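Quick note: residue numbers are just sequence positions, from 1. Indexing begins at 1, ligand by ligand and atom by atom, following the structure's order. Treat the numbers as computed from the prediction; the structure is a model and nothing was measured.
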Amino acid sequence: MTEPRLTVVIPMYNEEAVLPLLVARLRPVLDGLGRTYEVLAVDDGSRDDTAALVTLMRANWPQLRLVRLRRNSGHQAALTAGLHRSRGDYVVTIDADLQDPPEVIAQMLDLAEERDLDIVYGVRGDRASDTAFKRGTAGLYYRLMRSIVGKKMPYGAGDFRMLSRAMVDALRGLPEQTPVYRLLVPWLGFPSGEVTYVREKRAAGTSKYPLGKMIKLTVDSVISFTAAPLRLAIWLGAVGALACVIAAVKVLWAYWQGAVVPGWTSLSLVVLFLGACQLICLGLLGEYVGRIYQGIQGRPAYFIGSDSLTDAAEPDEPDFVEEPVRPRRAQGAARRG
Ligand code: UDP
Ligand code: MG
């Protein structure tokens, strides 16, 4: 099996509606590159006919490869599976819904090869096709993330990017449980370039990123990169304590003046405020403790159900036929070892 020059990783969750459109637009681009390639469709536990459709399409497109995850593990986990299984010298990750134009892949590859770059970010120059809500939340997300990882993270760079083999290997070496690639990639500090593109409308189907998943991505992003929220607890506590000292002086003064008021309102406010602070801090602690627990459990982010490449290669692998026949017991032991 010769390694292709380029692997295109496409995570797919219930994308049967968009698949034919995607293939119709992606294939001419890749065939026109003049390089060897494989397209790695990662089916993230879809409940529709995504996997069956990809299998059908494989009959006419040998470079198309299907990796199925056993359950819906999320976009980032599907990307992880794709990166781990990719074989190309360069790996590009792209959404299935044609919001990232496949034509940009050719520009990315040229730039990476020309300037010997390990990362080429696809940067969204214009998000007019997104809803106002998506643009607003995305704007907040990037501002927050750039304040955490620094300016190395281009504004508007999502998961449409090209990585070199060295970069993919570096990412594979990280023992992260919940990798957030848009932060990890700039953080590693490899030489990078950018290609600006116009984000298009989803070609078919509906968004697979509801608010819940967006919140999860943001929480994962923050928690995996900074312990600053834990420090926030200390600041809240300090401000609360200062407020209490001021209030105590006032209360004692009133007591000495003999003007003791029932003070029900202020008491309730203080109790409420401190209770809220404590709950927030507890919640923040819980998030980190949860991550530590997850880390100790060490569960993989995904389980491969099947891989059309290796499943097909196993029975008629040439080496396998030529290998001298070993006794069964020894074979078993070799597999276990
Ligand atoms: N996706 C996935 N698993 C999920 C959710 C999404 O593999 O649990 C894929 C989806 O099929 C698409 C990409 O991630 O290829 C981005 O999702 P989508 O385009 O729906 O997100 P949006 O553009 O609305 O943020
Ligand atoms: Mg999309």
Student: So, T7 side chain and G88 main chain: donor-acceptor pair closer than 3.5 Å or not?
Tutor: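 Answer holds: yes.
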Student: Using modelled atom types only, decide if a donor and an acceptor are shared between the side chain of R58 and the backbone of L64 within a distance under 3.5 Å.
Tutor: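 Yes, R58 side chain to L64 backbone: donor-acceptor pair under 3.5 Å.
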Student: Measure the CG-CE distance between L69 and M12 for me, rounded to the nearest 0.5 Å.
Tutor: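 If I round to the nearest 0.5 Å, the distance is 12.0 Å.
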Student: Which of these, R65, R87, R68, sits in a salt bridge (Lys or Arg N to Asp or Glu O under 4.0 Å) with D307?
Tutor: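 Only one of R65, R87, R68 forms a salt bridge (Lys or Arg N to Asp or Glu O under 4.0 Å) with D307, namely R65.
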Student: Using modelled atom types only, decide if a donor and an acceptor are shared between the side chain of R291 and the backbone of V289 within a distance under 3.5 Å.
Tutor: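 A pair under 3.5 Å: no.
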Student: Starting from the N and O atoms of ligand 1, find every protein N or O within less than 3.5 Å and list the pair with its distance.
Tutor:
residue, atom, partner, partner atom, Å
ligand 1, 3 (N), D44, OD2, 2.6
ligand 1, 8 (O), D44, OD2, 3.4
ligand 1, 8 (O), N72, ND2, 3.2
ligand 1, 8 (O), K213, NZ, 2.8
ligand 1, 11 (O), Y13, N, 2.9
ligand 1, 11 (O), E15, OE2, 2.6
ligand 1, 15 (O), P11, O, 2.8
ligand 1, 15 (O), A96, N, 2.9
ligand 1, 19 (O), D97, OD2, 2.6
ligand 1, 19 (O), R202, NH2, 3.2
ligand 1, 20 (O), R202, NH2, 2.9
ligand 1, 20 (O), K208, N, 2.5
ligand 1, 23 (O), Q99, OE1, 2.7
ligand 1, 23 (O), R199, NH2, 3.3
ligand 1, 24 (O), S207, OG, 2.5
ligand 1, 25 (O), K134, NZ, 2.7

Student: If you leave out waters, which protein N, O or S atoms are less than 2.8 Å from the Mg ion (ligand 2)?
Tutor: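 Near the Mg ion (ligand 2), the protein supplies D97 OD2, Q99 OE1.
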Student: Hey, can you pull the donor-acceptor pairs under 3.5 Å for the side chains in residues 16-31, sequence neighbours left out?
Tutor:
residue, atom, partner, partner atom, Å
E16, OE1, D49, N, 3.0
R25, NE, E103, OE2, 3.0
R25, NH1, E200, OE1, 3.1
R25, NH2, E103, OE1, 2.9
R25, NH2, E200, OE2, 3.1
R27, NE, D31, OD2, 3.2
R27, NH1, N60, O, 2.8
D31, OD1, Y37, OH, 2.5

Student: Just jot down the side-chain hydrogen bond (donor to acceptor under 3.5 Å, both in side chains) partners of S192, sequence neighbours excluded, or say none.
Tutor: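 S192: no side-chain hydrogen bond (donor to acceptor under 3.5 Å, both in side chains) contacts found.
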Student: May I ask you to check whether F160 and Y197 place their ring centers less than 6.0 Å from one another?
Tutor: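 Yes, they do, as the ring centres are separated by less than 6.0 Å.
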Student: Side chain to side chain donor-acceptor pair (under 3.5 Å), that's the test. Do Y13 and R47 meet it? Break it down for me.
Tutor: CA-CA 8 Å; Y13 179 54; R47 278 187 295 265; 3.0 Å; yes
